[in-house]
Amino acid sequence: MRNMASVVGRRAVALSSRGSRAGQLQLSLRIKTTISTPQPNPTANCAQIRSLSYTRPWRREIPVSEPKRGDSKVWASADEAVADIKSGSVLLSAGFGLCGVASTLISAIRRRGPESLHSLTAVSNNAGSEGRGGLALLTENGQIDRMIMSYLGANKKLEKQYLTGQIAVELCPQGTIAERIRAAGSGIPAFFTPTGGNTLIQSGSLPTRYSPDGTVVEFSPPRETRIFNGKAYLLETALPGDVAILRAWKVDKAGNCVFRHTTKTFAPLMAKAAKLAIVEAEHIVEIGDIDPSEVNLPGIYIDRIVPATEPSQIELLKTRSLPETSSSHDNDAGPPKAESDAQARRTRIARRAAKELQPGSYVNLGVGIPTLAPSFLPPGQKVWIQSENGILGMGDYPLPEEVDADVINAGKETTTLVPGASTFDSSESFSMIRGGHVDVSILGALQVSAAGDLANYMIPGKVFKGMGGAMDLVSNPDGTKIVVATEHTAKDGTSKVVGVCQLPVTGKGVVSTIITDLAVFQVDRKKGTLTLTEIAPGVDVEEVRKKTDAEFEVAEELVVME
């Protein structure tokens with residue numbers, strides 16, 4: 001971790017402070033000298049790179065048994081269905097956390113053992129839950145050599161395997177993973193996206209593989225960029241697989257699939273992108289038993305069907321009780337009572353953040369403080385909460401009797417759906433996000449700069465969990481207003497509102513409003529300047545200046561926060 005801190009930290013500081021192409025090239029020259037394996041010319045201009053594949057170590061032809069048209073797709077067991085998967089295959093594993101994970105098929109793959117099946121490259125949003133399920137069962141068993149994912153989460157065993165060189169980890173924004181898989185299934189070799197611009201994704205600075213002594217031996221590749229309508233976009237390549245494993249609620253013998261709620265995330269996308277798609281079905285029915293209008297994935301994409309023999313799991317069970325009506329998503333409930341100074345600060349931030357939510361607006365709320373904002377909406381005011389794992393119209397935590405393993409939020413917690421809600425796959429979800437159809441996105445921050453740069457996914461040497469969907473959420477700040485809701489200082493007393501982000505950025509020049517427990521700032525993203533517009537009760541401007549690293553102007557009419 002110390003090696004990564006020095007390498008990534010130096011590069012991140014320079015990238016955020018310079019931002020120019022020349023600065024990135026100089027950074028590349030400095031950092032590539034630490035790599036012990038041969039690398040491309042570090043002074044090469046990333047805009048001139050024409051390779052359409054970023055995955056040279058694993059993109060090779062792997063033989064798999066060719067499915068024969070006309071044969072029965074129903075197999076007696078998962079063990080039989082995975083028996084001919086070859087070592088070195090690219091495995092697309094559907095699910096989000098433990099929701100919608102093909103647990104029956106994963107268990108069958110694990111039973112084959114590393115002697116029979118190994119060196120897999122696994123593609124998934126995350127690696128499941130340590131010791132409980134998902135791909136964690138295969139990483140712990142030594143069967144996976146490389147993970148392509150957006151979020152490590154709290155999987156400490158995987159983190160240790162990564163830092164000691166046992167497993168390579170390619171971190172990729174969640175929406176980009178979804179679109180790369182979708183492109184592969186649609187015969188599209190590559191596409192341009194705004195996600196990840198001016199970050200370590202663009203410059204190719206994320207450590208992908210370590211040696212056992214902690215030396216970085218492989219970095220993520222730099223992305224080619226191109227300007228469209230005055231804005232830079234990154235070239236991303238399609239991400240095909242050899243085998244896809246997924247779980248569906250109901251499947252007929254022709255392979256037509258029906259998915260429930262948030263189990264959709266990656267399942268339809270991955271089935272389309274693989275040479276061989278295997279689905280485990282909770283219910284296998286006869287052809288014709290599923291109404292054609294209810295089919296979520298046509299049978300043309302499915303090669304093998306097995307019965308699901310393992311139950312669905314819940315990663316984070318969250319419930320509410322009837323007397324506790326002041327929950328995080330109940331628009332008609334009153335504000336929670338502040339029980340401590342820390343809670344009072346969070347309440348002040350959330351109450352002010354609620355003013356950013358206009359009646360009928362579509363909003364995405366990051367985990368933590370942002371999720372408290374709907375509690376402070378006026379009675380009867382409704383907003384539509386979008387969750388990037390495939391919900392539009394997310395509700396409160398469920399009552400104990402309402403818990404459904406197939407309905408979770410982006411934090412992998414159990415949740416509910418409000419009347420009028422819809423559920424969809426991850427490609428649809430991030431189309432809403434990148435396309436600017438979401439009105440407001442409220443996120444937390446580790447640092448936010450006077451120019452509106454946001455850092456919220458990584459602290460070199462301390463936190464390296466992955467960006468999840470955050471880079472996508474801030475990719476269209478002209479279409480979606482980006483609001484930061486965070487405490488003014490970190491636990492060590494350092495300011496989170498800084499002149500220049502010292503941590504790896506999630507997005508540059510993306511934040512429009514900063515809400516803290518001490519103040520509210522408006523960011524002029526074009527000029528890169530900060531204006532103090534509101535101040536907390538009992539706080540004066542001098543205190544704000546003392547606790548703020550960034551320079552700022554003071555509005556002529558300074559308003560007191562409620």
Side-chain angles (χ1 to χ4, degrees), residues 1-5 7-8 34-37 54-60 62 85-95 97-98 101-102 105-107 109-110 112-174 177 180 200-201 204-221 239 241-243 245 266 457-458 460-461 463-468:
M1 230 20 193
R2 188 162 47 245
N3 177 272
M4 182 180 71
V7 170
V8 178
T34 67
I35 305 176
S36 59
T37 55
Y54 303 140
T55 49
R56 293 183 301 277
W58 61 270
R59 285 292 298 278
R60 53 189 179 272
I62 302 296
I85 297 177
K86 304 296 189 296
S87 295
S89 294
V90 178
L91 180 70
L92 307 181
S93 180
L98 296 181
V101 168
L105 290 164
I106 289 173
S107 294
I109 292 172
R110 180 184 171 90
R112 284 190 56 183
E115 300 81 11
S116 170
L117 183 58
H118 56 83
S119 304
L120 297 172
T121 289
V123 181
S124 184
N125 181 65
N126 62 297
S129 180
E130 183 179 329
R132 292 185 58 195
L135 291 179
L137 299 182
L138 303 185
T139 59
E140 294 165 9
N141 206 35
Q143 292 176 275
I144 293 177
D145 175 68
R146 177 175 295 255
M147 285 289 310
I148 301 176
M149 59 197 303
S150 77
Y151 191 68
L152 271 77
N155 194 326
K156 294 296 183 182
K157 287 186 179 179
L158 176 59
E159 184 177 32
K160 183 178 180 180
Q161 288 176 304
Y162 164 58
L163 294 174
T164 56
Q166 298 174 62
I167 290 180
V169 174
E170 294 185 30
L171 283 178
C172 183
Q174 187 181 152
I177 289 181
R180 290 178 67 188
L200 301 184
I201 297 292
S205 307
L206 285 172
T208 298
R209 189 184 288 276
Y210 287 87
S211 66
D213 66 3
T215 303
V216 182
V217 296
E218 181 187 343
F219 284 92
S220 60
L239 184 52
D242 295 304
V243 181
I245 55 173
F266 289 92
Y457 78 97
M458 179 182 178
V463 178
F464 193 65
K465 301 302 182 185
M467 68 289 294

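These numbers come from the heavy atoms of this one structure, side chains and all, not from hydrogens, waters or symmetry mates.
Side-chain atoms of V123 and L91, non-hydrogen and from C-beta on, never get closer than 4.5 Å to each other. Side-chain atoms of V101 and I106, non-hydrogen and from C-beta on, do get closer than 4.5 Å to each other.
The backbone N or O of L239 lies less than 3.5 Å from no partner atom in the side chain of R180, so there is not a single donor-acceptor pair. For T164 (side chain) and K160 (main-chain N/O), a donor-acceptor pair under 3.5 Å exists by modelled atom type. Side-chain N or O atoms of T139 include none that pairs as donor or acceptor with a backbone N or O of L158 at under 3.5 Å. At least one donor-acceptor pair closer than 3.5 Å links the side chain of D213 to the backbone N or O of T215. In this structure, the side chain of S116 does not engage the main chain of G113 through any donor-acceptor pair within 3.5 Å. At distances below 3.5 Å, at least one donor-acceptor pair connects side-chain atoms of S87 with backbone N or O atoms of H118. Distance alone, capped at 3.5 Å, is enough to place a donor-acceptor pair between the N126 side chain and the G97 backbone. Judged by distance alone, the side chain of R112 and the main-chain N or O of I85 form a donor-acceptor pair under 3.5 Å. Side chain of Q143 to backbone of L117: a donor-acceptor contact under 3.5 angstrom is found.
Nearest approach of N141 to L137, heavy atoms of both residues: CB-O, 3.3 Å. Of all the heavy atoms in L152 and V169, the pair that sits closest is CD1-CG1, 3.9 Å. Residues S93 and S124 come closest through the heavy atom pair O-OG, 3.2 Å. When all heavy atoms of L200 and Y457 are compared, the closest pair comes out as CD1-OH, 3.9 Å. Between A94 and F266 the shortest heavy-atom distance is CB-C, 4.1 Å. The two residues L135 and I144 make their nearest non-hydrogen contact at O-CD1, 4.2 Å.
For the atom pair CG (L163) and OH (Y210), the distance works out to 6.0 Å, reported to the nearest 0.5 Å. Rounded to the nearest 0.5 Å, atoms CD (E218) and OG1 (T208) are 5.0 Å apart. The line from CE of M458 to CG of L206 is 6.5 Å long, rounded to the nearest 0.5 Å. In this structure, L120 CG and L138 CG are separated by 7.0 Å, a value rounded to the nearest 0.5 Å. Rounded to the nearest 0.5 angstrom, L171 CG and K465 NZ are separated by 11.5 Å.
A salt bridge is defined here as a Lys NZ or Arg NE, NH1 or NH2 lying under 4.0 Å from an Asp or Glu carboxylate O, and E170 with R209 fails to meet this definition.
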Taking distance alone, no hydrogens or angles, what donor-acceptor pairs closer than 3.5 Å link side-chain atoms of residues 127-134 to residues at least two apart or in another chain?
residue, atom, partner, partner atom, Å
E130, OE1, K156, N, 2.8
E130, OE1, K157, N, 3.4
R132, NH1, E315, O, 3.1
R132, NH2, I314, O, 2.7

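Residues satisfying the side chain to side chain contact (heavy atoms under 4.5 Å, CB included) test with S150, not counting sequence neighbours, are N125, Q174, I177.
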